[in-house]
Amino acid sequence: MPELPEVETIRRTLIEKIQNQVIEEIICYHPDVLVNPDGISLDNWLIKDIRRRGKYLLFDLQKDIICNPKPAARDYCVMMVHLRMTGKLLLEEKIVEPAKHTHVRFVLSNGGSLDFNDTRRFGRVTLFPPGQEFNDCGFATLGPEPLGDDFTIDYLINTCKRYGKSSIKGVLLNQKAIAGIGNIYADESLFRAGIFPERKAGELSHAKITLLHQKVREVLTEAIGHRGTSFRDYVDGLGNKGFFQLHLAVYQKDGDPCLACGTTIEKIKVAGRSTHFCPHCQK
Ligand SMILES: [Zn+2]
C-alpha cells in the first residue's frame, strides 16, 4: 500500500510531466472507481497543481477556456485520488489499449494519457467542487503532516496521552493522529527509536516520544529520497520502482538477523497488522 513517501514520489514525477497539461477527457471503464456526485464535467480541465495530503493526491483543475476573464465556481474542481491498496497512476506517452486493470483514463493534450490502474479496485478518483473535498470524512479528519510544522514534539506527546491505551504502533497508523504513515514506516520508525510496537502509547517517556518524533521524520525523509519502497506493486508515475526496500531494517525481515544486534527479527500482529521488530533492540 503506498504510504506518504510513495504518494509524494508519484506527485513529484507527475507534476514535472503534466502540470499545465489539459485533461481533454476523463474516460471511466469501471463506474465504481470514478465518484462524481456533483456531476462535474469530464472534459477540458487544465492541471494547475498537484498536492498531497497524507496518502491522498489532490489535483487542482481549472476549465481550459481561452480568454475567460471571469471564471465561475464551476470552472474549478478538485480531483482527489486515493490509491488505497494497489492503485497506480501511470503516464503513457501515447494512447494505447487500456490495460486489464485500468479503470479511469485521463486523455492528455500532449497526446498521451494518465491511467488509473488498480488490481484490487479499492482506490477511488473523486471529483469535488473546490472546498467540498472536506466532505470526505477520511480526508477531513486527517491529522497533521509528519514532515510539516504542525507535527511538533509537544503534539506527539499530547497525542500519545490522548490515545494512551492504544499501542504506539496503532497511534502511528491512525490517520486521525498523524497523516500518511502505514505499516512499513511505522515498523521502521519504531525500530530506530528502540520501541516495542505493542507498548501502550500512554506509557512512553517524553524522551522516548521525542526520539520517536525524530525517527519518524528521519525515516520518511530518507524514504522520499530513495523514491519510496517497492515490494509488490508500487511504482511511481513513470512506472519506476523505488529503492527504500534496500534500506529497511525490520519490515518484512522476519527470520533475518537484526542489523544492529544479530537477534532474529520477529513478526507479530499489532493493531490488526503484521508487525516486524527486533526483540532485543525494541523494549
Ligand atoms: Zn536488534
Side-chain angles (χ1 to χ4, degrees), residues 1-9 55 143 145-147 151-175 177-234 241-283:
M1 180 172 184
E3 304 178 28
L4 187 156
E6 290 76 41
V7 179
E8 178 60 22
T9 303
K55 302 174 194 171
E145 286 291 321
L147 297 176
F151 183 65
T152 59
I153 293 169
D154 279 348
Y155 174 82
L156 191 57
I157 289 171
N158 289 329
T159 302
C160 285
K161 237 183 257 168
R162 178 155 33 111
Y163 298 101
K165 289 189 175 142
S166 166
S167 65
I168 185 60
K169 170 134 183 193
V171 173
L172 292 180
L173 292 178
N174 183 344
Q175 300 300 296
I178 309 162
I181 299 176
N183 221 20
I184 302 171
Y185 302 106
D187 282 5
E188 292 296 313
S189 305
L190 289 168
F191 172 76
R192 290 191 187 195
I195 300 171
F196 180 57
E198 254 180 347
R199 279 283 298 277
K200 295 275 176 276
E203 293 170 1
L204 294 172
S205 67
H206 285 194
K208 270 292 182 198
I209 298 173
T210 303
L211 186 63
L212 179 61
H213 177 270
Q214 182 199 332
K215 296 303 177 187
V216 162
R217 288 195 186 228
E218 184 185 281
V219 164
L220 294 173
T221 305
E222 283 178 26
I224 292 171
H226 288 97
R227 308 176 61 85
T229 301
S230 289
F231 268 107
R232 298 174 201 92
D233 292 292
Y234 166 71
K241 286 178 181 286
F243 299 103
F244 196 66
Q245 64 276 15
L246 304 175
H247 302 272
L248 297 171
V250 286
Y251 183 74
Q252 298 281 4
K253 300 279 185 189
D254 43 301
D256 289 1
C258 168
L259 297 173
C261 75
T263 306
T264 305
I265 303 295
E266 291 182 13
K267 181 163 94 170
I268 52 171
K269 280 251 168 177
V270 181
R273 305 290 302 277
S274 292
T275 297
H276 313 79
F277 71 103
C278 170
H280 178 75
C281 294
Q282 294 174 256
K283 303 287 179 196

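Atoms considered below: every heavy atom in the structure, side chains included; atoms not considered: hydrogens, waters and symmetry mates. When a ligand or atom number is given, it counts from 1 through the structure's own listing order.
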* Once the angle between the rings of H226 and F244 is folded into 0 to 90°, is it parallel (under 30°), tilted (30 to 60°) or perpendicular (over 60°)? -> tilted
* Asked: Any donor-acceptor pair under 3.5 Å linking the side chain of E266 with the backbone of C278?
  ->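 Between the backbone of C278 and the side chain of E266 there is no qualifying donor-acceptor contact (under 3.5 Å).
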* Heavy-atom donor-acceptor pair, Y234 side chain to V7 backbone, under 3.5 Å -> no
* To do: Anything protein N/O/S under 2.8 Å from the Zn ion (ligand 1)? Just list residue and atom, please.
  => C258 SG, C261 SG, C278 SG, C281 SG
* **Partner residues of Y251 under the ring pair (Phe, Tyr, Trp, His ring centres under 6.0 Å) criterion, sequence neighbours left out** => F231, H276
* Asked: V250 pairs by side chain to side chain contact (heavy atoms under 4.5 Å, CB included) with which of L190, L259, D187?
  -> D187
* With rounding to the nearest 0.5 Å, note down the distance linking CZ in R199 to OG in S167. => 11.5 Å
